[in-house]
Amino acid sequence: SLLRSGAQDFLAKPFSAQELRVRIGNLITMKRAREMLQQELVSQTGDLTALTREVTDRQRQLEAALAALRESEERARLLVESVKDYAIFMLDPDDRIASWNSGAARITGYPADEAIGRPRATFYPAEAVESGQPQQDLALAAAGCHETEGWRVRKDGSRFWANSILTALRDAEGGLRGFSVVVRDITERKRAEERITASLREKEVLLRELHHRVKNNLQVISSLLSL
């Protein structure tokens with residue numbers, strides 16, 4: 001077709017053989033350039049198709065991973081929510097409540113909508129707050145985990161003896177993201193221990209008194225025998 005085009009130009013507009021060769025050479029160069037461009041376009045189209053397929057596959061994998069993560073989080077939420085005997089909640093880095101389970105509501109008397117956003121010090125007695133106990137507990141927990149026992153205050157003002165475990169939550173870079181808190185009401189155990197302690201003290205007093213009486217009686221008997 002290139003030769004035909006060159007021949008037609010030669011017949012329509014006669015020119016020298018040199019000019020004809022130059023024109024034909026230019027036409028051949030243009031055809032080769034066009035073919036190279038077409039090949040490059042086909043190659044790029046193939047690459048684009050492969051890239052699109054790879055992006056689609058990765059998107060599907062990401063969606064599947066997100067779905068699995070949401071399911072795992074939901075199972076964890078249901079598990080925490082089903083625990084009634086323990087208060088389980090999260091704190092943000094500023095020591096304010098970020099989540100609240102039904103056990104926490106039952107133990108403290110605060111529903112979730114009233115508890116979330118409150119400082120943790122809300123549940124400490126006034127004397128503990130004045131002495132800086134909430135801050136001390138959190139500082140110890142920031143190192144990893146801290147377990148403590150002490151009086152806590154319910155919404156109605158009544159007190160309960162609590163066993164609390166605070167655990168620092170950190171991201172992959174070590175940044176502090178907050179704290180998890182597990183609280184158990186062990187008031188009955190505390191009272192039982194106090195009753196046992198009081199009973200032991202009473203027995204100790206009785207034993208000392210008995211010992212004293214026996215010692216006095218022995219002294220009396222010894223005196224009588226020496227007569």
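Index from 1, following the sequence.
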**Study point:** Residue pair S164 / V182, side-chain heavy-atom distance below 4.5 Å
**Key:** no
Exercise for review: Give a yes or no answer on whether the side chain of N101 reaches the backbone of I88 with a donor-acceptor pair at less than 3.5 Å.
Suggested key: yes
Exercise for review: List for me each residue that meets side chain to side chain donor-acceptor pair (under 3.5 Å) alongside Q136, sequence neighbours excluded, and say none if there are none.
Suggested key: none
**Study point:** salt bridge (charged side-chain N to carboxylate O under 4.0 Å, His left out) partners for R120, two or more places apart
**Key:** D95
Check your understanding: For the side chain of S99 and the backbone of M90, is there at least one donor-acceptor N/O pair under 3.5 Å apart?
Key -> yes
Check your understanding: Who else is in V129's hydrophobic cluster (ILVMFWY, side-chain heavy atoms under 4.5 Å, direct or via others)?
Key -> Y124
Review point. Backbone N or O of N163 within a donor-acceptor pair of the R184 side chain at under 3.5 Å?
Key: no
Review point. Between CZ of R106 and OH of Y86, what distance do you get to the nearest 0.5 Å?
Key: 11.0 Å
Review point. If you measure from OG1 on T167 to CD on E147, what distance do you get to the nearest 0.5 Å?
Key: 9.5 Å
Check your understanding: Are L169 and I116 joined in one hydrophobic group, where the rule is that I, L, V, M, F, W and Y side chains link up if heavy atoms are under 4.5 Å apart?
Key -> no
Review point. Is the backbone N or O of R96 less than 3.5 Å from a side-chain atom of D94, with the two atoms forming a donor-acceptor pair by type?
Key: no
Practice item. Using atom types as modelled and distance alone, determine if a side-chain donor or acceptor of T108 lies under 3.5 Å from a backbone N or O of A104. Key: yes
Check your understanding: Does the pair H146 and T148 meet the rule for a side-chain contact (heavy atoms from CB on, under 4.5 Å), with working shown?
Key -> CA-CA 7 Å; H146 175 57; T148 182; 3.7 Å; yes
Practice item. Taking all heavy atoms of K155 and all of G109, pick out the closest pair and write down the distance. Key: CD-O, 3.4 Å
Exercise for review: Could you tell me which non-hydrogen atom of A162 sits nearest to which non-hydrogen atom of I186, and how far apart they are?
Suggested key: C-CG1, 4.3 Å
Check your understanding: Is it true that a side-chain atom of R154 and a backbone atom of Y110 form a donor plus acceptor pair closer than 3.5 Å?
Key -> no
Study note, to complete from the structure: Heavy-atom nearest pair, A128 first then P134, reads O-CD, 3.6 Å
Practice item. With sequence neighbours excluded, tell me which residues meet salt bridge (charged side-chain N to carboxylate O under 4.0 Å, His left out) with R189. Key: E149, E193
Check your understanding: What distance separates Q133 CD from L138 CG, expressed to the nearest 0.5 Å?
Key -> 11.5 Å
Review point. Would you find a donor on one side and an acceptor on the other, under 3.5 Å apart, between the side chain of R118 and the backbone of I97?
Key: no
Review point. Taking only residues at least two apart or on different chains, which pairs with a member in residues 154-180 satisfy ring-ring contact (aromatic ring centres under 6.0 Å, His included)?
Key: W151-W161
Check your understanding: Where do I107 and A87 come nearest, in terms of heavy atoms and distance?
Key -> CD1-N, 3.6 Å
Point to revise | Stepwise side-chain contact (heavy atoms from CB on, under 4.5 Å) test for V181 and L91 | key: CA-CA 8 Å; V181 185; L91 300 172; 3.6 Å; yes
Exercise for review: Sorted by first residue and then second, give each ring-ring contact (aromatic ring centres under 6.0 Å, His included) pair with at least one member in residues 181-201; sequence neighbours left out.
Suggested key: none
Practice item. Please say whether more than 12 non-hydrogen atoms of neighbouring residues, nucleotides or ligands are located less than 6.0 Å from CZ in R177. Key: no
Check your understanding: What about L166 and V153, same hydrophobic cluster or not, with Ile/Leu/Val/Met/Phe/Trp/Tyr joined at side-chain heavy-atom distances under 4.5 Å?
Key -> no
